[in-house]
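Chain identifiers are assigned alphabetically (A, B, ...) following the order of the sequence lines, protein sequences preceding nucleic acid strands; residue numbering begins at 1 within each chain.
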2 protein chains.
Amino acid sequence: MTNAPHPVRARRVPRAERREEIVAAAARVFGSKGYRAGSLAEVAEQVGITHAGVLHHFGSKDKLLWEVLDYRDRVDVEHLEGQHIPGGADLFRHLVRTARLNADRRGIVQAYTVLTGEAVTDGHPAAERARRRFEVLRGDISAAILAIAADQDVEVTRADADQAASAVIGVMDGLQTQWLLEPDVVDLPAATRSAILAILATVLGGPDHLPGDL
Amino acid sequence: MTNAPHPVRARRVPRAERREEIVAAAARVFGSKGYRAGSLAEVAEQVGITHAGVLHHFGSKDKLLWEVLDYRDRVDVEHLEGQHIPGGADLFRHLVRTARLNADRRGIVQAYTVLTGEAVTDGHPAAERARRRFEVLRGDISAAILAIAADQDVEVTRADADQAASAVIGVMDGLQTQWLLEPDVVDLPAATRSAILAILATVLGGPDHLPGDL
DNA sequence: TCACACTTACTGACTTGTCAGTAAGTAGCC
DNA sequence: GGCTACTTACTGACAAGTCAGTAAGTGTGA
């Protein structure tokens, strides 16, 4: 009798590999249900282990969330050749391209939207993270605007560039929410592109100074 | 012995009054913690009754949420004179004014942001509501753009107006999220105003056709 | 052999919702 | 006015479930 000596047990998987599986599953679960509503049991089930197994690897639900956020940041820049965010007009080309890609990555967009929305609730573990993320993005976009302005010989104040940067991030996020609810009504890439163009054109003092081919 | 014949009991309050208290409390709780994370017990505590008392009035947590959303919609238009949303350039004046008001109504903004973010999670009871809300808003804004275009003798397609409308809603929502996380960094009214102006100017084919004094 | 991935078994805290009981208020009637 | 019959607002106890987290044990692969 060599068959079925004991009930089916999950294949023993090396630590690093299992952790990756779990983080990917958690990204899906937290992304679709939210962090507070998503349970460790559901994450575990997707990997084929028990929720205690998940805790064995990450210690607590909060720590798992950190890993998910790190993971998502890594995935976010995966498709970038140089692995670093470009500057100047290239940054906006990158943003528009990201919007185009996002139209086929509903899960990732939903995760970002849900988690960001949840982050503004009282005492949420991802709040600080969301703040930092916005800060960095705003800085990058603002710098890119100032670079284009310098290149085009138009004067733009730091404050105006910052405000335009906030607006660019804002439309991108806001359009994503609408698109998630009604994908057939909102054309995410097109709307994102023209909104960014509108904001850029205005802050640069007219469409004449826009960088081409966004 | 006429004193304390039974433990202190909550003052007995007539139905309509109590329901209002509960809905207001629920709006605070769901607004600050989210619907799924906010508990009936916490709502009840704020009113000074038990969670069973809350259920006596509303039957279920879901039904309480509906009431909260209705309540918020009523409060939203409370400061409008005619109680109805204006059209044409007045609509944009109204939107900018709302942004100004919102800068002093953090709680309401947070409730809107949290609940809208939660609405994109799988099977959320407020999803349909959020969809309808966006649809109506988009329709109103799009119509206002077309009205201004007609007035200014510029040609704007329905599709372009719709897209601009989505963008206007998007910036407003997106900026609110950033402002909630960093109120000192983001100037909500100013950023909202200039972003709306930028989008309008572009869809109307240049700043010359903009309505004055937004 | 032994570290490690994991399960089983459990705890304690919370969740929404149900239900019976009770006090407070109200309408009808004498 | 005062008594009765009824409704309504609410409590407290409980059911039934979910949750994260802990502790101890077990099979497995290097």
Side-chain angles (χ1 to χ4, degrees), chain A residues 2-23 25-26 29-30 32-68 118 121-126, chain B residues 1-23 25-26 29-30 33-68 118 121-126:
Chain A
T2 56
N3 60 328
H6 37 70
V8 272
R9 232 185 148 102
R11 170 179 78 100
R12 191 191 160 96
V13 174
R15 186 168 185 80
E17 189 179 337
R18 184 63 100 199
R19 281 179 61 105
E20 264 189 60
E21 285 180 25
I22 295 172
V23 169
V29 171
F30 295 163
S32 60
K33 307 248 201 167
Y35 169 68
R36 293 210 229 244
S39 73
L40 292 180
E42 193 174 346
V43 173
E45 198 200 2
Q46 288 206 13
V47 193
I49 61 176
T50 64
H51 91 275
V54 172
L55 286 170
H56 163 72
H57 285 288
F58 294 94
S60 77
K61 196 187 180 189
D62 267 37
K63 283 181 196 153
L64 176 56
L65 176 61
W66 301 129
E67 297 293 328
V68 168
E118 222 180 328
T121 59
D122 297 350
H124 196 279
Chain B
M1 281 159 180
T2 57
N3 60 328
H6 38 70
V8 270
R9 242 182 136 104
R11 169 180 81 100
R12 192 191 156 97
V13 173
R15 185 168 186 80
E17 189 180 336
R18 186 61 103 198
R19 281 179 62 104
E20 265 188 59
E21 284 180 25
I22 294 174
V23 168
V29 172
F30 295 163
K33 305 245 203 170
Y35 168 68
R36 297 211 223 243
S39 74
L40 293 179
E42 192 173 348
V43 173
E45 198 199 3
Q46 288 206 13
V47 194
I49 62 176
T50 63
H51 91 274
V54 172
L55 285 169
H56 163 73
H57 286 289
F58 293 94
S60 76
K61 196 186 179 189
D62 266 37
K63 283 182 196 152
L64 176 56
L65 176 61
W66 303 127
E67 296 294 327
V68 167
E118 223 181 327
T121 58
D122 298 348
H124 196 280

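- You'll find the side chain of B:His57 stays beyond 4.5 Å of the side chain of B:Lys63, heavy atoms only.
- Shown here are the side chain to side chain donor-acceptor pair (under 3.5 Å) partners of A:Glu67, two or more places apart in sequence or in another chain: there are none.
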List the atom pairs, with distances to 0.1 Å, where a side-chain N or O of residues 36-49 of chain A and a protein N or O form a donor-acceptor pair under 3.5 Å, not counting sequence neighbours.
unit_1, atom_1, unit_2, atom_2, d
A:Arg36, NH2, A:Thr121, OG1, 2.8
A:Ser39, OG, A:Glu42, N, 3.2
A:Gln46, OE1, A:Arg28, NE, 2.9
A:Gln46, OE1, A:Arg28, NH2, 2.8

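- Using a 4.5 Å heavy-atom cutoff, the side chains of A:Glu118 and A:Phe30 are not in contact.
- Within the nucleic acid shown, B:His57 comes within 4.0 Å of sugar-phosphate atoms alone, with no base atom in reach, counting heavy atoms only.
- A 4.5 Å side-chain heavy-atom check between B:Asp62 and B:Tyr35 finds at least one atom pair inside the cut-off.
- Atom NE2 of A:His51 is separated from atom C1' of C:dT8 by 11 Å (rounded to the nearest Å).
- In the helix from C:dT1-D:dA30 to C:dC30-D:dG1, the terminal helix axes, each the rotation mapping four pairs' C1' atoms onto the next four within five end pairs, subtend 10°, rounded to 10°.
- The distance between atom NE2 of B:His56 and atom P of C:dG21, rounded to the nearest whole Å, is 17 Å.
- Considering only heavy atoms from C-beta on, B:Phe58 stays 4.5 Å or farther from B:Leu65 through its side chain.
- A:Lys61 NZ: more than 12 foreign heavy atoms inside a 6.0 Å radius.
- One atom, CZ of B:Arg36, and another, C1' of D:dG17, lie 17 Å apart when rounded to the nearest Å.
- Of the residues in residues 38-45 of chain B, those placing a heavy atom less than 4.0 Å from an atom of DNA chain C are B:Gly38, B:Ser39, B:Leu40, in numerical order.
- Applying the side chain to side chain contact (heavy atoms under 4.5 Å, CB included) criterion to A:Ser32, with sequence neighbours excluded, gives A:Gln110, B:Asp122.
- Rounding to whole angstrom units, CG of residue B:Leu55 and C1' of D:dA9 are separated by 14 Å.
- When distances run from any side-chain atom of A:Ala52 to the nucleotides D:dA9, D:dT11, C:dT7, the shortest one goes to C:dT7.
- Atom CZ in A:Arg15 sits roughly 5 Å away from atom P in C:dA5 (whole-Å rounding).
- DNA chain C is contacted by no residue of residues 58-66 of chain A, taking any non-hydrogen atom closer than 4.0 Å.
- Rounded to whole angstrom, the span from the CD1 atom of B:Ile22 across to the P atom of D:dA9 amounts to 10 Å.
- In this structure, the CZ atom of B:Phe30 is 13 Å from the C1' atom of C:dT15, given to the nearest Å.
- To the nearest angstrom, P of D:dG12 lies 12 Å from CD1 of B:Ile49.
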